[in-house]
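Residues: numbered from 1 along the sequence shown.
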Amino acid sequence: MDKKVIITNNAPAAIGPYSQAIEANGMLFLSGMLPIDPVTGYLVPGGIKEQTAQIFMNIKAVLSAAGVNVTNIVKTTVYLNDMTLFEGMNDVYATQFSGIFPARSAFAVKALPKNALVEIEVIAAK
């Protein structure tokens with residue numbers, strides 16, 4: 001199996017020992033994306049809607065570096081630090097796709113890195 005690391009400066013650098021994304025056998029696996037502005041390296045100001053929008057900007061940057069876009073996404077996993085944030089996240093999430101939505105799971109977790117409100121990971125097919 002060939003594995004290719006996908007990396008772009010248009011999304012936040014990994015904050016640990018992992019890659020932004022790995023391409024393997026026609027599939028693209030994005031690490032969980034946080035709402036970090038890649039220019040400043042800090043969480044974007046605002047609430048769940050602003051954070052979700054930034055995450056999708058980061059996701060789109062990594063997908064673009066791999067030569068694909070959101071239409072290639074087949075599965076997302078959303079991690080929220082509280083399920084009361086689901087509606088706000090979902091409002092922004094719904095605007096990111098047209099036509100067929102990917103499969104999705106959503107979970108509340110005790111805490112997220114950098115005290116983010118939301119983290120989203122993605123699997124895409126080339």
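- Here Q51 contributes atom CD and M33 contributes atom CE; the two are 15.0 Å apart, rounded to the nearest 0.5 Å.
- Under the rule for a side chain to side chain donor-acceptor pair (under 3.5 Å), S98 has no partner lying at least two apart in sequence or in another chain.
- Residues that satisfy the side-chain contact (heavy atoms from CB on, under 4.5 Å) test with M57, not counting sequence neighbours, are Q54.
- Every ring pair (Phe, Tyr, Trp, His ring centres under 6.0 Å) that Y93 has, sequence neighbours left out, goes to F56, F97.
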Enumerate, atom names and distances included, each donor-acceptor pair closer than 3.5 Å involving a side-chain atom of residues 100-111, sequence neighbours excluded.
{"residue": "R104", "atom": "NH1", "partner": "N90", "partner atom": "OD1", "Å": "2.8"}
{"residue": "R104", "atom": "NH2", "partner": "N90", "partner atom": "OD1", "Å": "3.0"}
{"residue": "S105", "atom": "OG", "partner": "K75", "partner atom": "NZ", "Å": "2.9"}

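- Of all heavy-atom pairs between L34 and A116, the closest is CD2-CB, 3.9 Å.
- For residues 111-124, no pair satisfies salt bridge (charged side-chain N to carboxylate O under 4.0 Å, His left out), with sequence neighbours left out.
- Here the side chains of N58 and P38 are in contact, with some heavy-atom distance below 4.5 Å.
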Check: residues 66-74 side-chain donor-acceptor pairs under 3.5 Å, at least two apart:
{"residue": "N69", "atom": "OD1", "partner": "T71", "partner atom": "N", "Å": "2.8"}
{"residue": "N69", "atom": "OD1", "partner": "T71", "partner atom": "OG1", "Å": "2.4"}
{"residue": "N72", "atom": "OD1", "partner": "N69", "partner atom": "N", "Å": "3.1"}
{"residue": "N72", "atom": "ND2", "partner": "A125", "partner atom": "O", "Å": "2.9"}

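- I59 has its side chain out of reach of Q96: every pair of non-hydrogen atoms, C-beta onward, lies at least 4.5 Å apart.
- With contacts defined as side-chain heavy-atom distances shorter than 4.5 Å, the pair P35/L117 does not qualify.
- Here side-chain hydrogen bond (donor to acceptor under 3.5 Å, both in side chains) pairs that include residues 13-38, with residues two or more places apart or in two chains, are E23-K126.
- Looking at residues two or more places apart in sequence or on another chain, you find no side-chain contact (heavy atoms from CB on, under 4.5 Å) involving A13.
- There is no path of hydrophobic side-chain contacts, each under 4.5 Å, that joins I123 to I22.
- A search for salt bridge (charged side-chain N to carboxylate O under 4.0 Å, His left out) contacts involving K4 returns nothing, not counting sequence neighbours.
- Note on I6 and I55: same hydrophobic cluster, where clusters join Ile, Leu, Val, Met, Phe, Trp and Tyr whose side-chain heavy atoms are under 4.5 Å apart, directly or indirectly.
- Here L80 contributes atom CG and L85 contributes atom CG; the two are 6.0 Å apart, rounded to the nearest 0.5 Å.
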Could you pull out every donor-acceptor pair under 3.5 Å between side chains of residues 39-49 and any protein atom, sequence neighbours left out?
{"residue": "T40", "atom": "OG1", "partner": "Y42", "partner atom": "N", "Å": "3.1"}
{"residue": "K49", "atom": "NZ", "partner": "D91", "partner atom": "OD2", "Å": "3.4"}

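- Put simply, CG on L112 and CG on D82 are 11.0 Å apart, with the number rounded to the nearest 0.5 Å.
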